[in-house]
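Below is one structure, written out as structure tokens; comments come after it.
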Amino acid sequence: MTDTTPSAPASGSGRRVGLIDGATDSTTQRFWVVLDEDAVVQLDDLLVCRQRLPDGRSVAHFGIVVEGRRHIEGATFASDTVRIAGEQTMPGLTARRVEVQVLRTAPELWLAPEPGAEVHRAAGAEREQALFMDQMEAPLAVGLDQAGDPVFVDFAFLNGTKGGHVNISGISGVATKTSYALFLLYQLLETAHGKSLLGMGSAQTRALVFNVKGEDLLHLDRPNARFGERPDATEQWRALGVTEPGPFRSVCLYAPRGEGASADSVAPDVVSRRSDEVTAFGWTPAEFVREGLLRFCFTEADDARTQVPFIEQRVRVQLARHAYPMKGRPGALVMAEPPGGTGFNLDRVITDRRPELEPGEGFGVRSFADLISYVEDKVDPENEDTSWTGGVQAGTVMAFLRRLFALTPRLGHLIRDGVTKVDIRAGASIHVVDVHSLHTTAQRFVVGALLDEVFSAKQGTGREPLRFVVLDELNKYAPREGSSPIKDVLVDIAERGRSLGVLLVGAQQAATAVDPAIIRNSAIKVVGRLDSAESAEYRFLTQELRERATRFLPGTMVLDQPLIPAPIPLRFPFPAFATNPDEGAGAAASGDESAEVFDKL
Amino acid sequence: MDDERHVFVEGWEATYGSPYLIDPDEEEGPDLEPLEDGDGELAFHGGAGGFDGPVAFVDGVRRGEAHLYMTFGSDMARGVAGAHGCGSVVTAPGERPAFHDCNASRMVIWGSGQYAELPAQPGGWRWSAHSISSPDPNAPLAELQQRMRSAEGALAEDLCAEGHLTVVDGPLNYVRSRDLPVIGYVKTHYRRLLPPELHARVPGLQSGQRTSLFSKRPDIYSCYLRIAPRARSAGPWSGVVRIEIPASAGLAAAVDRADRAAATLPRFAGVAHVDPRAPQNLQPISALEAHLRRQLGDGALASRAVNDAVVQLAPVPSPSPR
């Protein structure tokens, strides 16, 4: 007789909530629980069922509640409900059941739980077991479950050891993708626990955050003025082990140089911060040429289908061959004939040490416009200088030039002598680069150039210190279809960045719009509110969660990680750092007030 | 005289038979006289409705699950393995009707004074064993029915003593105490009880109306009651039931009880598309029967368990020869 005695729960176990339903099959994956009359069980609650096997061994099934059902037993027709509950002329029993997805069976025995066995809440040590915390070498709290208890991921799946990259999906506005990415960064970079996980490399760990919406992220270094309106937030932070949440303390802000700025001005294009709080970023012509950034200028979807990349590649090398530093103007170039014997290998050319030239010794280049003029002259088909065009058709040259001219108003202001390049190795741990006001072409240029630099800088230097890159709208930079230099960099990061310590925290509205390699290589997948038309594509979610994700409120996410076989819904606390100008405004005002107070002393 | 022909259809599903089994050619009848309104008058009472006190409905179900034989010497005894369930639905003003005190018993009953226990089987199959003296092949099953009725009677008495207006499905034969005002609820009419001219008037009852009480037995008053409006296609007696009330507390008390029943029961009338015996089969009774049947467990599994038990049973020793 295969009798199973549901043993008494171990000490520390939660209270009984019901019995495993015998009217429905229980399987190794799922089972239903008939709830006790006084039990309140909701979605995401963690439950455990312990049973003794006929051979004397004990086994525990840990699971998460994925669906709930109630109906009146005995009601055959809809109108019976009215008779039972309205007119009260007919009896009926309300049955309450919840469906449980098995997260773990301990020990690992592939057995369905016994119908009729008692089910308890998984509390304390059992909850930790249910969430595989005993298997995590370095747990990092990444949110709170329904009951307000922390949910962890193994840091080894975040830092590249066993896995890396985080991918966040969800529709704009309510999915809180960026907020969650920043929350993760805060947990890592600003909390004592996070720093201890980063270990020796903690001080040198850097995050590059691209700001794509408003000037929202240019206020991360300020306390959130609305934090006080969320009394529950402090408690949630405390549950995560953060007793004094606050702003990011080590932030460097960059904004593009103002477009309308006069030729020599390098004021940043921001309105919600003082210009001295933000660094105007850009690239000098010398950096542009040496780093071969021309390739990130041609990132339109149709560029790859033409001969334009071919001529671009040729021009990129030629610019490097002809470039000499301008005397007295760091970053500016003088274009002149290359020294004899200069080859066409860009990597070799850029390592040449060139003498400085006077502006009059060649074509002076201080801006993007200067550079374009120089190139225009060189590739002019009438010059018949095939060393610049590689002998492509005149039509292709014209197409190249047309694109080049179009670039000037879009990103020309970013390339000029006197501007400062974003350098994440220096100073602060978080570097926020504002690209929201830039034309899409310029955004792609900035993102491509910076990602390439971060990635290149880590080649051959080992995994630590880690580099986190937070980038929203991944679909724009690495779309599912087509190819582009930026997509190449992103896919390269996704595939190899893990071992080089370059970790992408990417986000997009719909994962289907992004190159599959990027999603596939993300160890941690997070989903906020989904569009109902898209939700079916998220195969790592359960059917219930796919449907539920279309109804998530802001702040609710689902997190899928390699260790736990089912995605876990979680919430994260309201940030104590400002995530938009409004939230930062209070801090700015109070800052000004205190400044006045100090002035009066 | 109305020479027109009228055709009606019985409301009950055909497999349940007809609730009106009175043979019109049968001249003989007890011809009971109505007592309540004097001079043998059959008056109609009630129809207003509105009583809203606690009500209890009591019913039972039984199922023979296997017929058994026991041979001893050249003789043979009959037996039956089966189960019966008994319970109630209790309603209180403003509350949902609820199942109350529903129990099932599984037993083996032997005739001819024989006795043998069946060994319990895995899955919770257990039988209590009982014996009756009758050698009649049908007697064991009748005993099962009897036991169910007794359980119903006992439960009805308890609920009535607690103050419920208690309705037990069927006549009052099995309610032992005639001092408790338990109401018997009879759905099927087997024979004419009133004189023919009064009997013919009964279908004229409106929903919620009852006839004058008449004395069915020295200890029981009875009256007819219509519990639902007659549908256009339905026969004259559709929706007419007969209730029984103990006479012990006197006619006045019986009148009060009959009025309460008339005011209460139509609310619970069965619904045609839900219950094949609507409207006479009351909603709580219908739900209770289904609930109790479920409590009896799966019939096929029960039969198999009996079979397994019999196989395990050692041969019953024959009684010593005379």
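Note: hydrogens, waters and symmetry copies are ignored here, and every other heavy atom, side chains too, is used. Chain identifiers are assigned alphabetically (A, B, ...) following the order of the sequence lines, protein sequences preceding nucleic acid strands; residue numbering begins at 1 within each chain.
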side-chain contact (heavy atoms from CB on, under 4.5 Å) evaluation trace for R96(B) with I72(A): CA-CA 12 Å; R96(B) 281 195 200 179; I72(A) 300 177; 3.9 Å; yes
Whether over 12 other heavy atoms sit under 6.0 Å from D256(B) CG: yes
R126(B) CZ: over 12 foreign heavy atoms closer than 6.0 Å: no
Heavy-atom pair of closest approach, residues V89(B) and P91(A): CG2-CG, 3.5 Å
Minimum heavy-atom distance R83(A)-H273(B), with the two atoms named: NH2-CE1, 4.1 Å
Side chain / backbone / both / neither for V271(B) at chain A, heavy atoms under 4.5 Å: side chain
Between A290(B), A98(B), S286(B), G94(B), the one whose heavy-atom pairs under 4.5 Å with chain A are most numerous: G94(B)
Rounded distance [0.5 Å steps], CZ in R267(B) versus CD in Q88(A): 7.5 Å
Inter-residue atom distance R294(B).CZ - L93(A).CG, 0.5 Å rounding: 7.5 Å
Atom CZ of R96(A) with >12 non-hydrogen neighbours under 6.0 angstrom: yes
